[in-house]
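A quick note: this is a predicted structure, and the numbers were derived from the prediction, not measured. Order of the sequence lines sets the chain letters (A, B, ...), proteins ahead of strands, with each chain counted from 1.
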Amino acid sequence: MKYQVQENCLTIYLPREVDHHNAEEMKREADAVIDRNHIKYIIFDFEKTDFMDSSGIGVIMGRYKTICLIGGEVWAVHANARIKKILTLSGVTKIMQIYEEEEA
Amino acid sequence: MKDTNEMEIIFDSRSENEGFARVAVASFMTQLNPTVEEVADVKTAVSEAVTNAVIHGYENEVKKIHIRCRIRENIFYVEVKDTGRGIENVEEAMRPMFTTRPEQERSGMGFAFMEAFMDQVEVESCPGKGTTVKMRRAVGKGREIWTTQSL
């Protein structure tokens, strides 16, 4: 899993495809990083991602459950139309903000 | 019969085959000249069904998953079958957010996604014998068939 920690904010750079196969490992790694660095904010960066199924929703919801206890937030950035559709359909947008970039 | 085509694949229920399964189905589907969105919808639905077979059908034991695809004119049919433990209560399993494994953080959205992305989803299951998910999707709905016009 590619990630970056800045103070209490964790950015997770999601792979090209997010499915059950790679979600399990991502959950384990993310939880370890969250625990070690007292993470409060998580940014899911979808720049490289063109496929995601409901396993990805499980990754987001699970991490949110952990950090919402300390008033944390989850964000999505660089989500393409497909990913936005998946996020909206799952209802996860109720707990997660999608960051929209300004037109360059 | 004209305008029909079929394919079947059988593979081990390993999670690394989830990607293979959806790409194989998507690749067979391309002969219908689908839109990018139609392919993505079918890939997502197949991924959900195969994931269910791996996690729930076989409970991570390695056995065989069967996929059968059929094209009849512009209708794409795909069946995902396992011979695993089966589902006691199909109606309950298909309810959004229902999950038997909250500790594994399954979102409970698998069947909801299949239903959202396909035109029809049928589940046949027998406890102890296995589960078959049958899905159908019309491809190129409402699109004009410009190839038949003289250019």
Legend entry - Atom CD of B/E37: over 12 foreign heavy atoms under 6.0 Å: no
Legend entry - Within one Ile-Leu-Val-Met-Phe-Trp-Tyr cluster: B/V80 and B/I75, side-chain cutoff 4.5 Å: no
Inset, instruction - Answer yes or no: does atom CZ of B/R85 have more than 12 heavy-atom neighbours from other residues, nucleotides or ligands under 6.0 Å? - result: no
Legend entry - Part of B/A40 lying under 4.5 Å from any heavy atom of chain A: both
Legend entry - Spacing of A/I86 atom CD1 and B/F117 atom CZ [to the nearest 0.5 Å]: 3.5 Å
Inset, instruction - May I ask you to list the residues in residues 11-19 of chain A that approach chain B closer than 4.5 angstrom, counting heavy atoms only, ordered by number? - result: A/E17, A/D19
Inset, instruction - Write down the atom of A/I57, the atom of B/F113, and the distance for their closest heavy-atom approach. - result: CG1-CZ, 4.2 Å
Legend entry - Which portion of B/V54 sits near chain A, non-hydrogen atoms under 4.5 angstrom: side chain
Legend entry - Hydrophobic cluster identity match, A/V33 and A/Y64, side-chain contacts under 4.5 Å: yes
Legend entry - Same cluster (ILVMFWY, side-chain, under 4.5 Å), B/M94 and B/M118: yes
Legend entry - Spacing of A/D53 atom CG and B/M109 atom CE [to the nearest 0.5 Å]: 11.5 Å
Inset, instruction - Indicate, with yes or no, if B/Y77 and B/I65 share a hydrophobic cluster defined by side-chain heavy-atom contacts under 4.5 Å among Ile, Leu, Val, Met, Phe, Trp and Tyr. - result: no
Legend entry - Residue B/K43 excluded, over 12 heavy atoms near NZ under 6.0 Å: yes
Inset, instruction - Give a yes or no answer on whether the side chain of B/E16 reaches the backbone of A/H21 with a donor-acceptor pair at less than 3.5 Å. - result: no
Inset, instruction - Can you measure from OG (B/S15) to CD (A/E25) and round to the nearest 0.5 angstrom? - result: 10.0 Å
Legend entry - Atom CD of B/E88 with >12 non-hydrogen neighbours under 6.0 angstrom: no
Legend entry - hydrophobic_cluster_shared for A/M1 and A/Y41, side chain cutoff 4.5 Å: no
Inset, instruction - Against chain B, work out which of A/G58, A/S54, A/A23 has the most heavy-atom pairs shorter than 4.5 Å and name it. - result: A/S54
Legend entry - Region of B/D41 in contact with chain A, defined by heavy-atom distances below 4.5 Å: both
Legend entry - Residue B/R14 versus chain A: region with a heavy atom under 4.5 Å: neither
